[in-house]
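The chains referred to below are lettered A, B, ... by the order of the sequence lines, with proteins before strands, and numbering in each begins at 1. What's counted below: heavy atoms across the whole structure, side chains too, no hydrogens, waters or symmetry copies.
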Protein chains: 2
Amino acid sequence: MPNTSAADVLRVARMLFAIDGYAATSIGHIAEAAGLSKSAVLYHYSSKEALLEAIITPAVDGLEGVVASFARSADADPRHEFVEPFVDYLLANRLEMSIFVNQGQSLRGLPVIDRANGLVQRLGDAVSLGVVRIDDRIRFGMALGGAAYTVVAAINWTDNALPSAELEDADEVRAALVEIVTGLLVASRTSVAAH
Amino acid sequence: MPNTSAADVLRVARMLFAIDGYAATSIGHIAEAAGLSKSAVLYHYSSKEALLEAIITPAVDGLEGVVASFARSADADPRHEFVEPFVDYLLANRLEMSIFVNQGQSLRGLPVIDRANGLVQRLGDAVSLGVVRIDDRIRFGMALGGAAYTVVAAINWTDNALPSAELEDADEVRAALVEIVTGLLVASRTSVAAH
DNA sequence: CAGAAACCTGACCGATCGGACAGTACGCTG
DNA sequence: CAGCGTACTGTCCGATCGGTCAGGTTTCTG
């Protein structure tokens, strides 16, 4: 994690985009918070959109891996194949998740966001394959969406403004998420098998 | 549901605020979509903020009832006392929920939004009372947040643009949500009792 | 029919936005 | 020392924003 100005801009912008929203965050705000001029921000990132792209592209790349790991877990025990990578991904990309979970729809049209939305849809489609019962679909949606939203909400509802959350009991949180998500997914699987 | 211009403005604005976001929706956009001039919109609602207030105040009032119904269900079977009203509330206020679930943090500072956020916090606090284990807290968060987010996401991921979603199997959805949320809450309760 | 109230428009305002651009200070290399 | 790339700054621009205002039309009421 280098300490260059460009990296500072990235960190500040990620924070502001996640908490205040992309539309409500001006380049001037980012510049001020980073201790630079607006022009300096635009020197490092040629546009506001390019800045957003630089922020969430790595996270979207990681999401690609998560989707792949789900496809791989099609018939195995989903816990190790899919759930743990999924939960780890959520916890490691909280701010980026917050951006495209909460603003994914309003920002559609931007290429990076569309790519992220497409991946989410692919994940949803992959899971709907062979799942007919509505309550199973909803259970699955709650497992994925609920976990994502819970992790994101933890940013907002705990006293934030601190650079990274005070997750000292991160291991416990992780274990709990893995257990609950697995529970919801397994319930879905078994009811599929029984059907 | 009257067909006056003021009501049209309200409907259009609710849609745009929920889908495109409050910050990204200009009064001019609302006016255009409603077939009026910008001035006409500002004639019916004195400011953009007043328009948002008119949209979500009824939903926030309803949320007050939901919070009260949770307090009432403290030791009873939570299904009828709390879960059903909660799920019904979510389904009946999908667009408004979408606004202050997804944008509640970025819009903090606006009185109506702060009131809504305070209610959500009150609900969270009420539930944390006596719940120590982290996995129980997360399970509860996933029950409430996940249900809310699932209902909201259904707006965004299904082909929208249709005025109200094509929820013909609404009864099945409702039943499934009630069952799943109840399951998560009951698991939490029993583990509290066992502890 | 007179007048008031309700409804709506177009013109205009200051502020802020994303972004372009010309210029400057600094360090490295030949 | 000359020259060049990097890292910035302040200035300016057109567009768009939320909001005001003066006036026009329609509708209701006495």
Item to complete: Show the numbers, then the answer: is there a side chain to side chain contact (heavy atoms under 4.5 Å, CB included) between B/L107 and B/F100?
Response: CA-CA 8 Å; B/L107 297 182; B/F100 69 77; over 6 Å; no
Worksheet item: Are B/R115 and B/E64 close enough, and set up right, to give a side chain to side chain contact (heavy atoms under 4.5 Å, CB included), and what steps lead you there?
Response: CA-CA 10 Å; B/R115 196 182 134 219; B/E64 204 119 34; 3.1 Å; yes
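Classification of the A/Y149-B/Y149 ring pair by plane angle, with boundaries at 30° and 60°, yields parallel.
Distance alone, capped at 3.5 Å, places no donor-acceptor pair between the A/K38 side chain and the A/H29 backbone. At least one donor-acceptor pair under 3.5 Å links the side chain of B/T25 to the backbone N or O of B/G21. Using modelled atom types, no side-chain atom of B/E81 and backbone atom of B/S69 make a donor-acceptor pair closer than 3.5 Å. In this structure a side-chain-to-backbone donor-acceptor pair under 3.5 Å is missing from A/T57 to A/A54.
Sorted by residue number, the list of members of residues 51-58 of chain A with any non-hydrogen atom under 4.0 Å from DNA chain C is empty. Taking a 4.0 Å limit (strictly below) on heavy-atom distances, residues 20-34 of chain B does not reach DNA chain C anywhere.
Listed nucleotides: D/dT9, D/dG18, C/dC8. Nearest to the side chain of B/L36: C/dC8. Here the side chain of A/K38 is nearest to one of C/dG19, C/dT9, D/dG19, namely C/dG19. Side-chain atoms of B/S5 lie closest to C/dC8 of the nucleotides D/dT9, D/dG19, C/dC8.
The side chain of A/H44 contributes an N or O atom lying less than 4.0 Å from OP1 or OP2 of D/dC8. Dashed line: the shortest gap from a side-chain N or O of B/S46 to OP1 or OP2 of D/dG19 is not under 4.0 Å. Note on B/S39: every side-chain N or O is 4.0 Å or more away from OP1 and OP2 of D/dG19. For C/dC8, neither phosphate oxygen OP1 nor OP2 lies less than 4.0 angstrom from any side-chain nitrogen or oxygen of B/Y43.
Residue A/A143 comes nearest to B/M142 through the heavy atom pair O-CE, 3.8 Å, listed as atom of the first residue, atom of the second, then distance. The two residues A/G109 and A/D114 make their nearest non-hydrogen contact at N-OD1, 3.1 Å.
One interatomic measurement links the two molecules: CG of B/D8 to P of C/dC7, which rounds to 13 Å at whole-angstrom precision. Summarising the geometry, the separation between CD on B/E49 and P on D/dG18 is reported as 12 Å, rounded to the nearest angstrom. Rounded to whole angstrom, the span from the CG atom of B/L42 across to the C1' atom of C/dT9 amounts to 12 Å.
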